[in-house]
Amino acid sequence: MGVKSKGKKSITINAILNMFNTALTMSFALITYPYVSRVLQVENLGKVNYSASIVSYFALIAALGFSTYAIREGGKLRNDSNGFKILANEIFTLNFITVLIAYILLAIVTLLVPKFHPYIILLAIQSVTMISAWIGVNWVNVVFEDYLFITIRSITVQVLSLVAMFLFVKKTEDYYIYASITIFAHFFVSIINFFYVQRYSKIRLIRRINALKHIKPVLVFFSNTLAVSVYLNSDTTMIGWILGNYDVGLYSVSVKIYSTIRNLIAAVYNVTVSRMSLYSGEEDLKNFKLLLNRIINTVILISLPMTTGLVILSRRLIVLLSGESYILATRSLQILALAFLFAVLGGVLAYCVDIPLRKEKKVLYATVISAVENICLNVILIPRYGINGTAFTTFLAEVTVFCVLLVGLRKSFKLFDFRDIATNMGKCLISILPFFPLYYFVNSIRLNNIFVIMIYFVLATSIYFIVQLLLKNKTLKDFTRSILQKKII
């Protein structure tokens, strides 16, 4: 990833900062989640995650696709201060209206559905995320590629949450406190961010809005986000409805591990949306293609060993993070791990190709198809196979999204260097072959669980990159040269 862009911030630095930010979240999770899962136990942890899945649907209504739309459109206007100010204030005001609508709908549904009554306090606490997302205007930071402040902000949230978690979550009954801690830490930092972004543009509520200009594309993004959420969050909701809180607690551990690692890789390509939109707007096909293929190859380089390692270490990771009582979640995590590569490659096609090229409707079609598929299969598989059936439907959904998006881009295949991608993937597949015998060797050593994981990780990672170097993998070679020479994209 070494495309130079005069006057623009380094995508390499932004990607590293974004990955570092996500890695920090993973690190804090490794510290807090084992503690919380053991203190709260499966039942109460299931309550928190179930209520969070309910709020997530209303949070979608509150967000309504404004963030992705603002990043794409704002990226084109960031050098036009007046144009960006108008866009930003209109989006901020429209988003305020959708937040109010979401709160009203949440209140009505909560009162009308008796099954939700025991969760009223949790739903009220977790609904604060909708206000935080609105007031935080994170999309402004992304438009101006200010990932340094995003990272600082994230560290602040994590530290506040960590300290509060150990100070106040002491008993099984403290699940309300647990639910509140991260929510209000985010709210506090979101207020700080609101004042911080005033340096880029004066963000405020306004009376006059050209709503029609924004509604159509925003609704497309919203529909896409809704469909994605359905096949991600409907799993937890349907497990809670059909099986109960205990199974939600088990499955939440699998999803937590899977989602965290997936988000780490997503950090690589998420930072490129604004830049890819700029290349698309300028019809700079050369830089668009060069950056796209380097992103794809980098994602494959990192994702394949992660997928393999996750399958192999799933049981030990679950025991490490949550204890023996969650061990029944092992198989579901292994199934989700198989979905990992398809999920991140589908993300690249969606966010690095379709959205910059204004083909977000194709993303919508792919996600709607997979969402319908996911719900229908969940109805059939959850009663019979439990959380393993749910994990399998998620795997199929990720495969479906990837395949539909790829077929939809058949007229744009000139953007892909398939030979280079296939060569890179072949070398990556060869490099992960030693992972399996290596685990049997490390597993035979009688050591503490965490030491087995650490030793295996260090050895597997070392072997993987040594084999890649021996195979002269161009992607790794370019990335290493870029780091050593401190090149800017």
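Start at 1 with the first residue, then count along the sequence.
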Residue from Phe92, Phe187, Trp139 passing ring-ring contact (aromatic ring centres under 6.0 Å, His included) with Trp134: Phe92

Looking just at side-chain N and O atoms, do Asn388 and Arg331 make a donor-acceptor pair shorter than 3.5 Å? no

For the residue pair Phe402 and Phe342, does the interplanar ring angle fall in the parallel (under 30°), tilted (30 to 60°) or perpendicular (over 60°) class? perpendicular

Just by modelled atom types, is the Phe435 backbone N or O under 3.5 Å from a matching donor or acceptor in the Tyr456 side chain? yes

Before accepting this row, confirm whether a basic side-chain N of the pair Glu73/Arg358 lies closer than 4.0 Å to the acidic partner's carboxylate O. yes

Side-chain donor/acceptor of Thr367 to backbone N/O of Leu364, under 3.5 Å: yes

Are any side-chain N or O atoms of Ser332 and backbone N or O atoms of Ala329, one a donor and one an acceptor, separated by less than 3.5 Å? yes

Is there a side chain to side chain donor-acceptor pair (under 3.5 Å) between Thr260 and Asn263? Walk through the geometry before answering. CA-CA 5 Å; Thr260 302; Asn263 292 340; 5.8 Å; no

Would you find a donor on one side and an acceptor on the other, under 3.5 Å apart, between the side chain of Ser370 and the backbone of Val401? no

Does the Asn297 side chain pair with the main chain of Arg294, one donor and one acceptor, at a distance under 3.5 Å? no

Donor-acceptor contact present, side-chain Gln126 to main-chain Asn49, <3.5 Å: no

Test your reading of the model: is there a side-chain donor-acceptor pair from Thr461 to the backbone of Val458, 3.5 Å cut-off? no

Donor-acceptor under 3.5 Å (Asn245 side chain, Glu43 main chain): no

Test your reading of the model: is there a side-chain donor-acceptor pair from Ser154 to the backbone of Thr151, 3.5 Å cut-off? no

Is any side-chain heavy atom of Ser127 closer than 4.5 Å to one of Phe58? no

So Phe418 and Phe413, would you call those rings parallel, tilted or perpendicular, with 30° and 60° as cut-offs? perpendicular

How about Phe392 and Tyr385: are their ring centres within less than 6.0 Å of each other? no

